[in-house]
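Heads up, the thing below is written out as structure tokens.
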There are 2 protein chains.
Amino acid sequence: MSTPRPARDRILDAYEELLINEGPRGATLDAVVTRAEVSKGGLLYHFKNKEAMAGALIEKLRELAAADLQTMREDPEGPSRYLVRGSVYVGSDLDRALIGVVRLAQASDPVASDLLKDIHRSWFDLVQQEVGDPVISRAIMLLADGLYYNEGLPGGWPQDHRNDRSRSVPELLEVVDLLKSHAQQTSA
Amino acid sequence: MSTPRPARDRILDAYEELLINEGPRGATLDAVVTRAEVSKGGLLYHFKNKEAMAGALIEKLRELAAADLQTMREDPEGPSRYLVRGSVYVGSDLDRALIGVVRLAQASDPVASDLLKDIHRSWFDLVQQEVGDPVISRAIMLLADGLYYNEGLPGGWPQDHRNDRSRSVPELLEVVDLLKSHAQQTSA
DNA sequence: GTCTATACGGAGATAGAC
DNA sequence: GTCTATCTCCGTATAGAC
């Protein structure tokens, strides 16, 4: 007998999922309500309106991202490799919240955009601390961004399945190492 | 006395612009109609419905992309550098159509996704012909993708204005050259 | 804490006048 | 070829019952 998942959590998960798969347009209250198996009134008890629901998702991402940043700082492989590794969508809580909020940002939600900006900047700062050279750091960031968009966003680009995700990551990590070592040579 | 721009063109331009700036959600018939300065009936004379309007934009992109691919093939700097150069949004016809269609794909339009897939694959094929190594080719593609998303999509990621676009491109082209030269060493 | 009923507006689309 | 008028549906939100 597992306790049924609280309605509030079911609602937020459903909203997140719909944002990812259908986009902001598809993430209507009706759709959320159906997916979460609550009534419209039930939803609106937990979240005053749609904006409040988006706000809750954004807050959730803020917390998950802060925790992840700490992990990134402490990762023995270093921030660059951690970042690229983490830029393939595997459906973790962080992945889902992140892509959901990206969708909101794409729909011109300024709070969502601001948070993403913060997160992205934190990543960049860590990478640059490790790598030194800002141009190489930027190239690594772009590589990770491309990866995220390529594979994580349904319809963002083609998900080109010739390149099997799991196989291609170690190869990309070698490219990252190549770039890092070049940055060291330059600074020396 | 310049002849007024035909209504059909004005409509398509307005739709494109709204897709880019407001997303599919904001690109309503009402909004298009206002921006293009036609009536709703006028719009629906030229395009039977919203889907037809999207279809026209997709066709427009198909033609622009085909022409661009030819240019890419013939560019003396080679496909890789051409691609990265072209991956900063400068508001060309191709840029605008491309981002517009990306938005449609994000809203789960399968025709839009398919076309983007084709375009992306064509780019990859040219890059790989030039570079040889598939992993390096992929890294270059990802770099270009990241660039496009970073700078081209309002809200996609942060547009981090610390990195001035125009200044950063030549630096990134050097990274591309670095990757290319590494691919040659590997194959030798 | 969750439900039903309902008001309200916005968006897509049709019919037909000019 | 472009306009106005109008219909319908869907999505958000409120009120109030259980």
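Every chain is numbered from 1 and lettered A, B, ... according to where its sequence line falls, protein lines coming before strand lines. Any value given below was found using the heavy atoms of this structure, including those in side chains, with hydrogens, waters and symmetry copies removed.
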Could you tell me which residues satisfy side chain to side chain donor-acceptor pair (under 3.5 Å) with A:Asp13, sequence neighbours excluded, listed by chain and number? A:Arg5
For residues 33-44 of chain B, which residues have at least one heavy atom under 4.0 Å from DNA chain D? B:Val38, B:Ser39, B:Gly41, B:Gly42
Students should find that the nucleotides of DNA chain D closing off the region near chain A, any atom under 4.0 angstrom from a heavy atom, are D:dG11 to D:dT14
Between P of C:dA13 and CZ of B:Phe47, the distance in whole Å: 13 Å
Rounded interatomic separation in angstrom, taking NZ from B:Lys50 and P from C:dT14: 15 Å
So side-chain hydrogen bond (donor to acceptor under 3.5 Å, both in side chains) across residues 45-57 of chain A, not counting sequence neighbours, yields none
Partner residues of B:Arg85 under the side chain to side chain donor-acceptor pair (under 3.5 Å) criterion, sequence neighbours left out: B:Glu77
Send over the distance from A:Asp30 CG to C:dT6 C1', rounded to a whole Å. 14 Å
Side-chain ion pair, A:Glu171 and B:Arg138, N-O less than 4.0 Å: no
Results of side chain to side chain donor-acceptor pair (under 3.5 Å) for B:Asp133 - residues two or more places apart only: none
Just the rounded figure in Å: distance from P of C:dG12 to CG of B:Leu29. 4 Å
Under the side chain to side chain donor-acceptor pair (under 3.5 Å) test, residues paired with B:Ser137 that sit two or more places apart: none
B:Arg62: salt bridge (Lys or Arg N to Asp or Glu O under 4.0 Å) partners, not counting sequence neighbours: B:Glu59
Please tabulate, for side-chain N and O atoms in residues 37-44 of chain A, each donor-acceptor pair with protein atoms closer than 3.5 Å (sequence neighbours left out).
residue	atom	partner	partner atom	Å
A:Ser39	OG	A:Gly42	N	3.0
A:Lys40	NZ	A:Asp30	OD1	2.7

